Amino acid sequence: MSYVAITGVGSCLPKRQVTNDDLVARGVDTSDDWIRDRSGIGARHIVSEGESTLTLAVGAGRMALANAGVAPEDIGVVIVATSTQEYAGFPSTACLVQHELGIGSVPAFDMAAACTGFNYALTTAHHFITGGPAKHALVIAADALSSIINWADRGTCVLFGDGAGAVVLSASDSPGILSEQLYSDGSLGDILKVDQGEPRETFEGTHDALAPYVFMEGRKVFKVAVESIVKSVTHCLLDAGITADDLTHVVFHQANQRIMSVVGDKLNIAPEKLAMTIEKYGNTSAASIPITLDDLNKQGALKAGDLVLMVGFGGGFTWATTLVKWTKS
Ligand code: COA
């Protein structure tokens, strides 16, 4: 069994939904029209009392295990891609998930690649299965970016939401993961970063002088995202020996509907193949790809043999493309 395939998928969103109009009511100097027009976002979910990166990660992980029909004790590695770890430093969120889900004493660690984290974690888990004793891996992407947003900055606060998505990867007799392209360019680190600044305004309206938060040069990020995705997807399709016409679903990182549409046009991907959850969830960072994959799965849109392209990009700057054949029926 030298191949690796996705055998389960799940997701978890915070219970509190915040619409664009809720943001206006909260005092953000914006409008539903502006946000929808510039990003395609209508609402996002934000953690509240009793919810955190960990609770979202556990919820998504539990659902993916159930969907795969894999018992916790059969998981051989746990990876959590996140930029908002439960604790700053340690223990890792992955270790806490391992304990909460009753997984054995297997390797568990977090992975920091911002919104590209899910693709990075998938590739890492893939190698754990092909190169080691693990038969199944639990890959979770979980972020509560609302906790590192400055809610006084209308240029960023309207874009992000919280959530988690997860997949189980398993050793397989037939190919699941077909191609993986991972990239980084640290010279672009400044265009999207978490740094110290003026006291951060929390969603609740208090101020925290020591808290770092997201800084973004939106226009530069837009341009770099489009250029890097086009190159990465082109390379991935060449590597797999297929064309955009062969793809069944394309799951872009849900950062901006306009980015997805522009890139889709440049790559000649039919618009109906673009999976979109941005309108209801906003940009959930690393979690957006598995959340959208789970959305497709719940709609019954994923069929055995489908070719699914998953494309991440974000802080670092990092970007990545993963092509999988859906093997679940
Ligand atoms: N509501 C209303 N007006 C806003 C606003 C908001 N939430 N945020 C910014 N504006 C204003 C600006 O102040 C500016 O006003 P001015 O013309 O009077 O100076 C105007 O809107 C245009 O701002 P600009 O930043 O140039 O808008 P834009 O068309 O580039 O759209 C983004 C802004 C952030 C939506 C867009 O650049 C973007 O999506 N970039 C990529 C971001 C991304 O994907 N990040 C995550 C990557 S993982």
Side-chain angles (χ1 to χ4, degrees), residues 18-44 81-84 112-120 141-146 148-163 165 182-186 188-195 201 203 213-230 232 251-264 274 276-279 281-292 310-321:
V18 178
T19 65
N20 295 339
D21 286 334
D22 291 336
L23 290 182
V24 174
R26 183 199 168 278
V28 180
D29 182 13
T30 190
S31 66
D32 181 54
D33 281 350
W34 192 95
I35 301 170
R36 283 183 186 276
D37 184 52
R38 303 291 171 118
S39 69
I41 297 167
R44 71 286 296 142
T82 183
S83 301
T84 56
C115 303
T116 320
F118 180 67
N119 300 73
Y120 271 57
D143 269 312
L145 248 59
S146 63
I148 55 165
I149 291 296
N150 180 10
W151 289 89
D153 175 11
R154 67 176 181 169
T156 54
C157 76
V158 302
L159 300 176
F160 296 99
D162 303 336
L182 309 184
Y183 305 90
S184 71
D185 181 355
L188 295 168
D190 276 348
I191 66 174
L192 184 54
K193 64 180 177 184
V194 178
D195 202 357
E201 185 173 312
F203 184 72
Y213 52 85
V214 174
F215 287 81
M216 184 178 71
E217 295 182 45
R219 291 202 163 203
K220 277 196 189 160
V221 171
F222 195 111
K223 185 168 176 287
V224 170
V226 170
E227 287 168 359
S228 51
I229 300 167
V230 169
S232 151
V251 184
F252 285 127
H253 165 47
Q254 306 284 301
N256 185 314
Q257 192 172 348
R258 286 190 296 145
I259 293 179
M260 294 188 260
S261 299
V262 168
V263 171
L274 302 184
M276 299 258 188
T277 54
I278 188 164
E279 200 275 333
Y281 304 139
N283 178 348
T284 53
S285 191
S288 86
I289 293 176
I291 286 174
T292 306
M310 299 181 284
V311 188
F313 56 93
F317 207 81
T318 53
W319 65 104
T321 302

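Since the structure is predicted, the reported quantities are computational estimates derived from the model, not experimental observations. Because only heavy atoms are used, hydrogens play no part in the values below, and waters and symmetry mates are left out as well, while side chains stay in. Atoms within a ligand are numbered from 1 in the order they appear, just like the ligands themselves.
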**OP:** Would you please name every residue forming a salt bridge (Lys or Arg N to Asp or Glu O under 4.0 Å) with Asp195, sequence neighbours left out?
**Re:** Lys193
**OP:** For the pair Trp319 and Phe317, name the ring-plane relationship: parallel under 30°, tilted 30 to 60°, perpendicular over 60°.
**Re:** tilted
Original post:
Is a donor on one side and an acceptor on the other found under 3.5 Å between the side chain of Glu227 and the backbone of Ala225?
Top reply: no
Subject >> Separation between CE of Met260 and CD of Gln254, rounded to the nearest 0.5 Å >> reply: 4.0 Å
Original post:
Can you list every pair that meets salt bridge (charged side-chain N to carboxylate O under 4.0 Å, His left out) and has a residue in residues 153-163, with sequence neighbours left out?
Top reply: Asp29-Arg154
Please produce the table of protein N or O atoms sitting under 3.5 Å from N or O atoms belonging to ligand 1, one pair a line, distance to 0.1 Å.
residue	atom	partner	partner atom	Å
ligand 1	1 (N)	Thr30	OG1	2.7
ligand 1	3 (N)	Trp34	NE1	3.3
ligand 1	3 (N)	Arg154	NH1	3.4
ligand 1	7 (N)	Thr30	OG1	3.2
ligand 1	7 (N)	Arg154	O	2.9
ligand 1	13 (O)	Arg154	NH2	2.9
ligand 1	21 (O)	Trp34	NE1	3.4
ligand 1	26 (O)	Arg219	NE	2.7
ligand 1	26 (O)	Arg219	NH2	3.1
ligand 1	27 (O)	Arg38	NH1	3.2
ligand 1	29 (O)	Arg38	NH1	2.6
ligand 1	30 (O)	Arg219	NE	3.2
ligand 1	37 (O)	Gly218	O	3.3
ligand 1	39 (O)	Asn256	ND2	2.6
ligand 1	40 (N)	Gly218	O	2.9

Original post:
Residues two or more places apart in sequence or in another chain: which of them pass ring-ring contact (aromatic ring centres under 6.0 Å, His included) with Tyr213?
Top reply: Phe215
